[in-house]
2 protein chains.
Amino acid sequence: MKLTTVQQKLVLHWGEMGTRWGISRTVAQIHALLYFSPEPLPADEITDVLQVARSHVSNSLKELQTWGVVGVVHVMGDRRDHFQALKDVWQTFEILLDERKRREIDPTLKILRETAAMMAEDKTTADVFTKERVDEMLGFMESVDAWYGEVRRLPRAARVKLVTLGAKLSQLLR
Amino acid sequence: MKLTTVQQKLVLHWGEMGTRWGISRTVAQIHALLYFSPEPLPADEITDVLQVARSHVSNSLKELQTWGVVGVVHVMGDRRDHFQALKDVWQTFEILLDERKRREIDPTLKILRETAAMMAEDKTTADVFTKERVDEMLGFMESVDAWYGEVRRLPRAARVKLVTLGAKLSQLLR
DNA sequence: CTGTAATTACGGTATAAACTGAAATTTCAC
DNA sequence: GTGAAATTTCAGTTTATACCGTAATTACAG
């Protein structure tokens, strides 16, 4: 199997962007490869095309499967697993966002809650200023967190509408 | 100067989270230090507290200033620059989001636009499937990009409302 | 102009993470 | 059960980048 120029460009770019999204380059490349590939690919093929260690492909695929953006299918007369990426773009990015929130927001929220609780208890604290900053930061994060949870609980169509509506939202806010 | 236990915890946590936000640990620590500190700090003080090279503090401060989340003030009878963090949490995170969009979305959007244009021109392309995937991905990204731009252009109060309204938005979408 | 204090530039080092490759383990057709 | 083929594990290597420390430069008070 050989990649077209376009596919190659996309795979390489995805890899580079992956690192900025907190995803390792190879994992992102594999995802791109599967997403832009017409048919599901076996691990060997991925190894060939991307020129990375077989074991690494295996582990990366596992990671992508854990997230749910890649799945396994089987081909008649072929014992090997074949992998395909989720083709639904919205869902793919929602999964990615969830993951990022889990890693980038939730831990901070936890620390801020702990800290705020601790400071509220401790009456002797002379450091009123820091307390205020913690409370403000916590308030902000709680808002964002609650908002995300609510949006996430909406039926998907509503969520899509929320984005595609765009400018019209500003009118609703009057 | 000495940090309270709480401040130390916050600074260390911020540093760790920073790396997940695509910000170097020290830069994030400096930001936390300034944000949670009652008064503006000179660079020397930061060097002392965080135990990092003076030059590194200088460069990190410059980066934070470039983003606009840290500013300089002067203290009477003191020649040195004193630094303070923006105390407005919303604005701080909006700046951060802008930066991330610039680094994580815009380049991909560019590539996808180029690719889609290229594929649209090339009638001979046998790879119809990849073309579809590119178009879908591009469509999605354009929506998100346009939405972000519009929200960003709203008066800030509306933007805050958008988040704090939360669940009520779902009713508006009926 | 002079001396002090700060920033900037930059080659070198340390560290964390990705990646390799071989060995151990599991899976599954027969 | 047996053997082939895949996956998983893991110690070792490579690579990227944060960070250091010196040296050069700039800024400015006196």
Side-chain angles (χ1 to χ4, degrees), chain A residues 11-12 14-34 40-67 70-84 99-100 103-104, chain B residues 11-34 40-67 70-84 99 103-104:
Chain A
V11 167
L12 290 176
W14 228 245
E16 209 167 307
M17 292 317 284
T19 63
R20 305 194 188 181
W21 281 78
I23 296 166
S24 93
R25 202 174 70 243
T26 306
V27 171
Q29 283 182 354
I30 292 176
H31 178 253
L33 185 59
L34 295 177
L41 302 175
D44 293 323
E45 195 100 36
I46 299 175
T47 305
D48 282 356
V49 174
L50 298 185
Q51 300 280 18
V52 293
R54 182 58 229 272
S55 58
H56 199 208
V57 170
S58 238
N59 290 326
S60 301
L61 281 170
K62 195 186 163 197
E63 190 172 350
L64 287 165
Q65 282 174 283
T66 306
W67 293 352
V70 159
V72 182
V73 289
H74 289 102
V75 176
M76 286 300 278
D78 194 332
R79 194 173 135 189
R80 301 171 301 174
D81 285 347
H82 287 239
F83 301 90
Q84 67 182 353
E99 180 64 21
R100 296 191 83 171
R103 291 193 307 207
E104 301 175 2
Chain B
V11 166
L12 290 177
H13 176 76
W14 227 246
E16 209 167 308
M17 293 316 285
T19 64
R20 307 195 186 181
W21 280 79
I23 296 166
S24 92
R25 201 173 70 244
T26 307
V27 172
Q29 283 182 354
I30 293 176
H31 178 252
L33 185 59
L34 295 177
L41 302 176
D44 293 322
E45 194 101 36
I46 298 175
T47 306
D48 282 354
V49 174
L50 299 184
Q51 299 281 17
V52 293
R54 181 57 230 271
S55 58
H56 198 212
V57 170
S58 236
N59 291 326
S60 301
L61 280 170
K62 196 190 164 193
E63 190 173 351
L64 287 166
Q65 281 174 284
T66 306
W67 293 353
V70 160
V72 183
V73 290
H74 289 103
V75 176
M76 285 301 278
D78 195 332
R79 197 174 134 188
R80 301 169 302 173
D81 285 347
H82 288 240
F83 301 89
Q84 67 182 354
E99 180 63 20
R103 291 192 307 206
E104 300 175 3

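Throughout, protein chains are lettered first and strands after them, A, B, ... in sequence-line order, and every chain is numbered starting at 1. Source: prediction; values computed, not measured.
Separating the CG atom of A:L61 from the C1' atom of D:dT8 is a distance of 13 Å, rounded to the nearest angstrom. Rounded to an integer number of Å, the gap from B:K62 NZ to D:dA18 P is 16 Å. Per the geometry, CD belonging to B:E63 stands 11 Å off C1' belonging to D:dA18, to the nearest Å. For the pair A:Q65 CD and D:dT8 P, the computed distance is 8 Å after rounding to whole Å. Across the protein-nucleic acid pair, B:E45 atom CD and C:dA5 atom P stand 16 Å apart, rounded to whole Å. The separation between A:E16 atom CD and C:dA18 atom C1' is 16 Å, rounded to whole Å. In this entry the distance linking CG of A:D78 with P of C:dA29 reads 12 Å, nearest Å.
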Could you go through the side chain to side chain contact (heavy atoms under 4.5 Å, CB included) check for B:I46 and B:L34 one step at a time? CA-CA 9 Å; B:I46 298 175; B:L34 295 177; 4.1 Å; yes
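Between B:L50 and B:V11, the closest side-chain pair of non-hydrogen atoms falls below 4.5 Å. With contacts defined as side-chain heavy-atom distances shorter than 4.5 Å, the pair A:F83/A:V57 does not qualify.
Across all strands shown, B:D44 has heavy atoms under 4.0 Å from sugar-phosphate atoms exclusively, and none from any base. Heavy atoms of A:Q51 sit under 4.0 angstrom from primed sugar atoms or phosphate atoms, though from no base atom.
The stretch residues 19-33 of chain B has no heavy atom under 4.0 Å from DNA chain C, so no residue of it qualifies as close.
When every heavy atom of A:A28 is checked against every heavy atom of A:G18, the shortest pair comes out as CB-CA, 3.7 Å. Between B:R25 and B:G15, the shortest heavy-atom contact is CG-O, 3.3 Å. Shortest non-hydrogen contact noted between B:A53 and B:T47 is C-CG2, 4.4 Å.
Distance check, rounded to the nearest 0.5 Å: CD1 of A:I30 to OG of A:S58 gives 9.0 Å. We find the CD-CG distance between A:Q29 and A:L33 to be 9.0 Å, quoted to the nearest 0.5 Å.
A donor-acceptor pair is defined here as one N or O able to donate and one able to accept, closer than 3.5 Å; no such pair exists between the side chain of B:R103 and the backbone of A:R20. With hydrogens and angles ignored, the 3.5 Å screen pairs no side-chain donor or acceptor of B:D78 with any backbone N or O of B:H74.
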Sub-3.5 Å pairs of nitrogen or oxygen atoms, protein against nucleotides 21-25 of chain C:
unit_1: C:dG21; atom_1: N7; unit_2: A:S55; atom_2: OG; d: 3.1
unit_1: C:dG21; atom_1: O6; unit_2: A:S55; atom_2: OG; d: 2.9

Between protein and nucleic acid, restricted to nucleotides 24-28 of chain D and to nitrogen or oxygen atoms under 3.5 Å apart, what atom pairs and distances do you find?
none

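Using a cutoff of 4.0 Å between basic side-chain nitrogens and carboxylate oxygens, A:R100 and B:E104 are scored as salt-bridged.
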